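Keep in mind that this is a model prediction, so the values were computed, not measured.
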Protein chains: 2
Amino acid sequence: MATYNKTVNENEQRCCCPVEATLSVIGGKWKPLILWHLKENTMRYNSLQQVLPGISPRMLTKQLRELENDGIVNREMYPEIPPRVEYSLTDFGRTIIPVLEALAQWGIKYTDQKGSSK
Amino acid sequence: MATYNKTVNENEQRCCCPVEATLSVIGGKWKPLILWHLKENTMRYNSLQQVLPGISPRMLTKQLRELENDGIVNREMYPEIPPRVEYSLTDFGRTIIPVLEALAQWGIKYTDQKGSSK
DNA sequence: CGGTATCCCTCCGGATACTG
DNA sequence: CAGTATCCGGAGGGATACCG
């Protein structure tokens with residue numbers, strides 16, 4: 001008992017920080033890169049895997065599924081032999097590109113700052 | 001042997017995704033909230049702890065130190081009795097506020113989208 | 001007041017093997 | 001080609017007790 005505060009209630013989550021909602025979608029080690037690559041072209045599973053440095057199939061699938069559930073990417077399956085699956089951003093997914101670019105912009109500034117102070 | 005790709009080299013990290021650099025600074029469970037609260041006022045250690053839902057002192061200290069090392073927050077110590085320490089954003093730290101707000105904006109859009117599709 | 005020190009456990013995610 | 005299934009190690013982070 002006696003945690004540092006009462007356990008989180010929905011209101012607190014909602015009122016303080018929609019930032020977290022966004023981070024839950026684009027955060028993590030892989031999603032930014034996946035999104036980054038999908039913003040140019042639609043891509044197939046294997047192409048993504050080759051373009052992502054050392055991701056395991058398990059992880060790639062997991063990240064893609066999450067993005068799919070969040071309505072960010074679209075999974076188009078062509079039941080051919082051999083099978084082909086293409087991933088792309090949804091229209092809603094595209095609305096996140098400016099955010100991604102804002103993050104990238106600041107990231108560059110930050111890297112410069114760090115580099116020069118070293 | 002035979003990982004899915006050769007281990008990451010610096011170039012790949014650097015060229016593809018400054019987004020990650022930014023996320024390494026503001027990402028995670030606590031930092032967005034800390035930043036969110038600091039963007040209005042300067043705050044003391046205990047005030048922060050009270051305002052953050054259930055954070056342990058260990059975590060709070062850790063997050064603050066990291067933000068400090070990244071040049072985002074400033075730690076001002078007043079050697080009084082009892083001691084007082086005030087945290088605030090540095091000038092460089094303030095440059096990240098627009099990014100935070102972009103994230104928040106999209107987070108709201110996202111939450112609406114989710115809510116309406118349920 | 002503003003923190004450390006310590007213990008402990010979850011779960012993230014990597015590696016590898018296998019399948020429709 | 002586009003994935004599952006399974007195993008497993010290690011970092012992240014919570015709870016609690018204590019210190020200057």
K.L.:
Verify, without hydrogens or angle tests, whether A:Thr90 (side chain) and A:Asn74 (backbone) share a donor-acceptor contact under 3.5 angstrom.
P.N.:
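No, A:Thr90 side chain to A:Asn74 backbone: no donor-acceptor pair under 3.5 Å.
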
K.L.:
Tell me the interatomic distance from B:Leu64, atom CG, to D:dG13, atom C1', rounded to whole angstroms.
P.N.:
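In whole Å, D:dG13 C1' lies 16 Å from B:Leu64 CG.
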
K.L.:
Side chain of A:Thr61: nearest nucleotide among C:dC1, D:dT4, C:dG3?
P.N.:
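Nearest listed nucleotide: D:dT4.
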
K.L.:
From the options C:dG2, C:dG14, D:dA2, select the nucleotide whose nearest atom is closest to the side chain of A:Arg44.
P.N.:
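Looking only at side-chain atoms, A:Arg44 lies closest to D:dA2.
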
K.L.:
Check A:Lys39 with A:Glu101, please: is the shortest side-chain N to carboxylate O separation under 4.0 Å?
P.N.:
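Counted as a salt bridge, because a side-chain N and a carboxylate O are separated by less than 4.0 Å.
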
K.L.:
Can you identify which nucleotide, out of C:dT4, D:dG13, C:dG2, has its nearest atom closest to the B:Arg65 side chain?
P.N.:
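Selected nucleotide (nearest to the side chain): C:dT4.
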
K.L.:
For A:Pro83 and A:Lys29, find the nucleotide of DNA chain C closest to each by heavy atoms; which residue's nucleotide sits nearer the 5' end?
P.N.:
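The answer here is A:Lys29.
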
K.L.:
So, the side chain of A:Thr111 versus the backbone of A:Gly107: is there a donor-acceptor pair under 3.5 Å, distance only?
P.N.:
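Between the backbone of A:Gly107 and the side chain of A:Thr111 there is a qualifying donor-acceptor contact (under 3.5 Å).
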
K.L.:
Could you walk me through whether B:Glu76 and B:Arg44 pass the salt bridge (charged side-chain N to carboxylate O under 4.0 Å, His left out) check?
P.N.:
CA-CA 10 Å; B:Glu76 194 80 27; B:Arg44 302 176 61 171; over 6 Å; no

K.L.:
Nearest-Å distance, CD (B:Glu66) to C1' (C:dG3)?
P.N.:
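Rounded to whole Å, this separation is 16 Å.
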
K.L.:
Rounded off to whole Å, could you give me the CZ-to-P distance for the B:Arg84 and C:dC1 pair?
P.N.:
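Whole-Å distance recorded here is 13 Å.
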
K.L.:
Output, in order, the C-alpha distance, side-chain angles, deciding distance and verdict of side-chain contact (heavy atoms from CB on, under 4.5 Å) for A:Leu64 and A:Leu48.
P.N.:
CA-CA 10 Å; A:Leu64 286 171; A:Leu48 277 172; 4.1 Å; yes

K.L.:
Categorize A:Tyr78 for me: base, sugar-phosphate, or nothing, with a 4.0 angstrom heavy-atom threshold over every strand shown.
P.N.:
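Nothing, no heavy atom under 4.0 Å.
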
K.L.:
Mind calculating the distance between CG (B:Leu60) and P (D:dG13) to the nearest angstrom?
P.N.:
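In whole Å, D:dG13 P lies 14 Å from B:Leu60 CG.
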
K.L.:
When you measure from the side chain of A:Ser56, which nucleotide among D:dG3, C:dT4, C:dA15 comes out closest?
P.N.:
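Comparing D:dG3, C:dT4, C:dA15 against the side chain of A:Ser56, the answer is C:dA15.
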
K.L.:
Can you tell me the distance, in whole Å, between the CE atom of B:Met59 and the C1' atom of C:dT6?
P.N.:
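Result: 14 Å.
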
K.L.:
Does B:Lys62 or A:Ser47 map to a spot on DNA chain D nearer the 5' end, using the closest nucleotide for each?
P.N.:
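On the 5' side of the pair lies A:Ser47.
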
K.L.:
Rounded off to whole Å, could you give me the CD-to-C1' distance for the A:Gln49 and C:dA15 pair?
P.N.:
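So the two atoms are 13 Å apart, to the nearest Å.
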
K.L.:
According to a strict under-4.0 Å criterion, is A:Trp30 in side-chain N/O contact with OP1 or OP2 of C:dC12?
P.N.:
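Checking C:dC12 against A:Trp30, no side-chain N or O comes under 4.0 Å of OP1 or OP2.
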
K.L.:
Could you check how far CG of B:Leu52 sits from P of C:dG3, rounded to whole Å?
P.N.:
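Between P of C:dG3 and CG of B:Leu52: 14 Å.
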
K.L.:
To the side chain of A:Arg75, which of D:dA2, D:dT4, D:dG14 is closest?
P.N.:
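That would be D:dA2.
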
K.L.:
Using OP1 and OP2 only, check whether a side-chain N or O of B:Tyr87 sits under 4.0 Å from C:dG3.
P.N.:
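Yes, such a contact exists.
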
K.L.:
Let me know the distance between CD1 of B:Ile55 and C1' of C:dT4, rounded to the nearest Å.
P.N.:
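Rounded to whole Å, this separation is 15 Å.
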
K.L.:
Return the 5'-most residue of the pair A:Arg58, A:Glu86 with respect to DNA chain D, ranking by each residue's nearest nucleotide.
P.N.:
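Of the two residues, A:Glu86 wins.
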
